[in-house]
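Note that the structure is a prediction, hence the values are computed from the model and not measured. When reading the values below, keep in mind they use all heavy atoms of this one structure, side chains included, and skip hydrogens, waters and symmetry mates. Both ligands and their constituent atoms are indexed starting at 1 by order of listing.
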Amino acid sequence: MKSIAEVAASLEGYDPQALSAQGVGQFLSRLIEPVTESEDVAIHDALDRVLAADVISPVNVPPHDNSAMDGYAFDGAQLAGGAALSLKVVGTALAGRAWQGTVQTGECVKIMTGAIMPAGLDTVVPQEFTKGVPDQSGERITLPAGLLQPGDNRRFKGEDVMQGRPALRRGERLGPAALGLAASLGIAKVRVVRRVRVACFSTGDEILSLGDAPREGAVYDSNRYTLLGLLTRLGCQVIDMGVVRDEPALLEAAFTQAAEQADVIISSGGVSVGEADFTKAMMKKLGDVAFWKVAMRPGRPMAVGRIGTPGGRDAILFGLPGNPVAVMVTFLAFVRPALLQLMGSTAAPLPLLKATSKEAIRKKPGRTEYQRGTVSSAADGSLQVAITGNQGSGVLSSMVQANGLIVLHHGQGNVAAGEAVDVMMFDGVI
Ligand code: AMP
Ligand code: MG
């Protein structure tokens with residue numbers, strides 16, 4: 001397990017007072033070590049879990065060469081002459097059972113989609129391309145010249161998944177398609193990384209819990225609820241620790257209890273510069289923690305490190321800023337990738353898409369800015385994006401309207417209307 005100082009020393013130009021968003025990502029990717037404990041779960045309960053081992057296929061999918069179309073199966077060698085073919089229909093192969101007869105040159109077998117290819121046949125002409133000509137000896141079909149190649153419309157045994165080969169790789173986060181694939185192999189259980197436990201609490205004397213009576217100067221806690229949603233979407237086990245008042249004894253109890261139960265602690269608030277509270281002091285006392293000023297907006301102050309317990313356990317700490325949008329942005333930019341790494345996921349980072357900005361955006365070079373936007377399709381099918389109202393770092397309503405974030409990179413300056421910008425879509429994430 002690396003200390004903050006060790007990770008810091010491994011990064012060129014590390015400056016906690018002016019860390020780039022990219023620098024934060026690098027720091028975290030070096031700090032986090034994946035969870036190694038795993039468990040077996042039923043396919044039914046495996047959505048969004050991460051595979052702890054490759055899933056080796058016990059079978060071929062499909063199990064036999066079979067037809068991709070409703071049509072007539074024949075030996076493709078007869079196409080070599082390049083002429084139209086006239087073939088006698090000698091039987092019918094239905095899906096789900098093998099057709100047992102033999103087929104001579106000049107003959108074919110009527111076949112249904114998914115039916116096993118009769119022995120010796122490798123090509124299927126789709127029904128719609130044939131002409132049926134009944135004669136005294138039974139049905140004949142003709143197929144035009146130049147239409148088919150040998151092997152057309154035949155699916156190979158094992159072309160989807162080969163017996164004995166990995167069908168799914170360790171690190172795969174199981175989505176609906178992966179669950180279907182595992183099920184198609186007859187696999188009822190998979191070995192997955194145990195769930196990551198995340199303890200969350202909000203800090204600040206002005207923060208009210210739901211059910212508290214409103215009072216002047218106080219605000220209801222929103223951060224815990226957005227975090228709860230974000231973490232649940234990610235498949236984490238969330239430990240909700242409520243709101244913790246700005247008192248050393250309460251903060252110490254909360255951090256220690258969280259570190260005892262969880263792999264990760266996410267607190268919000270109390271990490272700003274000049275904050276007159278005890279949160280930062282307690283993080284320092286209980287752990288190995290870096291306090292950063294990140295060159296980004298929103299989300300400048302952040303604390304990251306480990307919090308230890310007297311019993312020798314420790315948990316990774318993300319001390320996020322207090323402003324509600326800053327919490328969501330720092331979560332998406334840093335915490336989410338870090339949690340995926342902790343879960344052992346090998347998924348690629350969320351892709352950035354290009355969209356045309358419908359309006360001019362002011363942007364200072366030297367920091368990464370995230371603006372809330374609505375991405376839509378323009379008349380020509382390309383993507384366009386508009387900013388959703390007030391971009392204040394406490395304004396959640398513009399986050400609710402948004403379906404993505406516009407990412408204005410560190411070196412980037414003002415954006416003109418009509419210019420392309422990078423966008424990160426929320427689909428499946430928020
Ligand atoms: P702080 O980072 O603690 O200085 O908080 C910055 C701003 O975010 C202040 O206006 C706080 O009232 C607000 N804030 C902090 N925590 C929360 C929370 N859990 N829910 C809503 N607003 C918060
Ligand atoms: Mg505060």
Side-chain angles (χ1 to χ4, degrees), residues 16-17 19 21 24 198-232 236 238-255 257-258 262 264-286 289-305 307 317-335 367 369-370 372 390-402 430:
Q17 294 301 301
L19 201 56
V24 172
V198 183
C200 275
F201 58 87
S202 302
T203 69
D205 285 346
E206 81 283 23
I207 308 301
L208 301 174
S209 285
L210 292 178
D212 290 349
R215 66 183 143 79
E216 192 167 296
V219 293
Y220 281 104
D221 184 2
S222 58
N223 292 340
R224 227 159 15 99
Y225 299 94
T226 48
L227 284 169
L228 227 89
L230 288 162
L231 290 163
T232 305
C236 297
V238 188
I239 305 166
D240 179 357
M241 297 186 59
V243 178
V244 180
R245 298 267 312 279
D246 243 345
E247 283 175 34
L250 296 177
L251 284 165
E252 177 156 11
F255 278 117
Q257 203 189 322
V264 175
I265 305 168
I266 303 180
S267 64
S268 70
V271 293
S272 315
V273 186
E275 183 92 11
D277 64 18
F278 300 105
T279 308
K280 281 199 285 189
M282 195 49 67
M283 290 175 178
K284 255 185 220 156
K285 178 181 162 188
L286 298 176
V289 179
F291 296 91
W292 290 335
K293 281 185 198 148
V294 185
M296 70 187 289
R297 204 167 93 145
R300 199 159 102 98
M302 231 180 117
V304 164
I307 297 287
L317 168 74
F318 293 99
L320 303 185
N323 275 310
V325 179
V327 165
M328 296 192 79
V329 168
T330 50
F331 184 93
L332 291 175
F334 312 130
V335 182
R367 67 184 186 198
E369 291 189 17
Y370 300 84
R372 288 140 257 175
N390 186 335
Q391 296 288 308
S393 62
V395 179
L396 265 185
S397 53
S398 53
M399 194 73 177
V400 173
Q401 285 160 33
I430 285 191

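- Within the 4.0 Å heavy-atom shell around ligand 1 one does not find G204.
- Shortest non-hydrogen contact noted between S209 and Y220 is O-CE2, 3.5 Å.
- For N323, heavy-atom contacts with ligand 1 shorter than 4.0 Å involve the backbone as well as the side chain.
- With ligand atoms numbered from 1 in the order given, ligand 1 contributes 20 (N), 21 (C) to contacts under 4.0 Å with heavy atoms of Y220.
- Within the listing of ligand 1, atoms 2 (O), 3 (O) sit less than 4.0 angstrom from a heavy atom of G269.
- In terms of N/O distances under 3.5 Å, ligand 1 is not approached by R224.
- Counting all heavy atoms, side chain and backbone alike, V289 lies closest to M283 at CG2-O, 3.6 Å.
- Distances below 4.0 Å separate heavy atoms of D221 from the following atoms of ligand 1: 18 (C), 19 (N), 20 (N).
- When all heavy atoms of P321 and G299 are compared, the closest pair comes out as CG-CA, 3.9 Å.
- The two residues G392 and V325 have their closest heavy-atom pair at O-CG2, 4.1 Å.
- When each atom of ligand 1 is checked for a heavy atom of S202 under 4.0 Å away, the hits are 19 (N).
- Of all non-hydrogen atoms in F334 and A21, the two that sit nearest each other are CE2-O, 3.4 Å.
- Here the shortest heavy-atom distance to atom 3 (O) of ligand 1, taken over G394, G322, G270, belongs to G270.
- Atom CD of E247 is separated from atom CD of E252 by 13.0 Å, given to the nearest 0.5 angstrom.
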